[in-house]
Amino acid sequence: MSRRSVADLLAGRPLQRVSGTHTVAAACHRIREKGVGALAVFDGTRLVGILNERDIALRVIADHRDPMLTLVRDVMTRNPATIPATADAQDAFARMLQGHCRHLPVPSACEGRRGSSRHALDPRPSAR
């Protein structure tokens, strides 16, 4: 039985992005619209962070910040752990468990043209 790579798991799952200059409210609308649990945060073509449900709950809601005024860059997780697209999927999930993270960006898949990018690895089925 052949092992699957991270790239195999991400096939057909487009990366959902947001700029750090967007409001958290706008990011939440995108999260709901796309049925994902996190958005990759980019500064131009460079991955600078990730905004996930936990960031929103703990850094916005629990801190009584206004999501209409709070910028993504102020509450995102900076410099998230990453894994290459060529990595074995089982190794990726082990790394996620070890690092206590639910989303793992794939840098080689995040770079390049917008249409060819893939999403951060998420072990949960799609929310759709």
Side-chain angles (χ1 to χ4, degrees):
M1 177 188 217
S2 66
R3 296 183 75 142
R4 295 181 73 189
S5 71
V6 169
D8 293 336
L9 294 179
L10 297 178
R13 294 176 58 191
L15 177 70
Q16 300 305 320
R17 303 170 175 236
V18 68
S19 167
T21 60
H22 281 86
T23 65
V24 170
C28 286
H29 287 287
R30 185 165 189 85
I31 286 171
R32 181 181 62 190
E33 174 188 317
K34 298 301 181 179
V36 296
L39 299 172
V41 183
F42 277 80
D43 181 4
T45 59
R46 188 171 58 96
L47 175 69
V48 294
I50 189 166
L51 179 72
N52 59 46
E53 298 152 325
R54 184 173 174 86
D55 294 330
I56 295 164
L58 298 181
R59 298 179 184 158
V60 180
I61 306 303
D63 284 348
H64 305 284
R65 296 173 85 165
D66 185 344
M68 298 292 288
L69 300 175
T70 304
L71 298 180
V72 168
R73 69 176 171 224
D74 295 332
V75 294
M76 70 182 185
T77 297
R78 296 180 187 278
N79 305 312
T82 61
I83 195 158
T86 56
D88 179 80
Q90 288 182 345
D91 293 341
F93 288 127
R95 182 165 179 187
M96 292 172 78
L97 285 172
Q98 203 172 39
H100 304 285
C101 57
R102 291 176 51 190
H103 303 92
L104 193 58
V106 182
S108 61
C110 294
E111 297 167 356
R113 296 178 306 140
R114 184 179 286 262
S116 64
S117 299
R118 297 287 177 242
H119 189 64
L121 187 61
D122 182 342
R124 299 170 300 155
S126 174
R128 288 187 163 193

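Only this structure's heavy atoms are used, side chains among them; waters, hydrogens and symmetry mates stay out. Remember, it's a predicted structure, so these values are computed and weren't measured experimentally.
The shortest side-chain heavy-atom distance between Asp63 and Val75 does not fall under the 4.5 Å cut-off. Contact annotation: the side chain of Glu53 approaches that of Arg102 to within less than 4.5 Å [non-hydrogen atoms, C-beta and beyond].
Considering only residues two or more places apart in sequence or on other chains, Ser5 meets the side chain to side chain donor-acceptor pair (under 3.5 Å) condition with Asp8. Taking Ala25 as the reference, Thr23, Pro67, Met68 meet the side chain to side chain contact (heavy atoms under 4.5 Å, CB included) condition, with sequence neighbours excluded. Partners of Thr77 under the side chain to side chain contact (heavy atoms under 4.5 Å, CB included) rule, at least two apart in sequence or in another chain, are Ile50, Asn52, Asp55, Arg59.
The shortest heavy-atom contact between Ala27 and Val72 is CB-CG2, 3.9 Å. Taking both residues in full, the closest heavy atoms of Pro105 and Pro80 are given as CG-CG, 3.9 Å, listed atom of the first, atom of the second, then distance. Of all heavy-atom pairs between Ala87 and Ile83, the closest is CB-CG1, 3.6 Å. A pairwise comparison of heavy atoms in Gly44 and Arg17 identifies O-NH1, 4.4 Å as the closest pair. Residues Leu104 and Ala92 approach most closely at CD2-O, 4.0 Å, considering heavy atoms.
Residue pairs meeting the salt bridge (Lys or Arg N to Asp or Glu O under 4.0 Å) criterion with at least one member in residues 67-83, sequence neighbours excluded, do not occur. Applying the salt bridge (Lys or Arg N to Asp or Glu O under 4.0 Å) test to pairs two or more places apart or on separate chains, those with a residue in residues 80-89 are Arg3-Asp88.
Under the 4.5 Å side-chain heavy-atom criterion for ILVMFWY residues, a single connected hydrophobic cluster contains both Met96 and Val6.
Among the candidates Val18, Ile31, Val60, the single residue satisfying the side-chain contact (heavy atoms from CB on, under 4.5 Å) test with Val24 is Val60.
Here Leu51 contributes atom CG and Leu71 contributes atom CG; the two are 11.5 Å apart, rounded to the nearest 0.5 Å.
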Contacts table for residues 35-42: side-chain donor-acceptor under 3.5 angstrom, sequence neighbours left out:
none

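Proximity of a side-chain donor or acceptor of Arg65 to a complementary backbone N or O of Ile56 within less than 3.5 Å is not detected.
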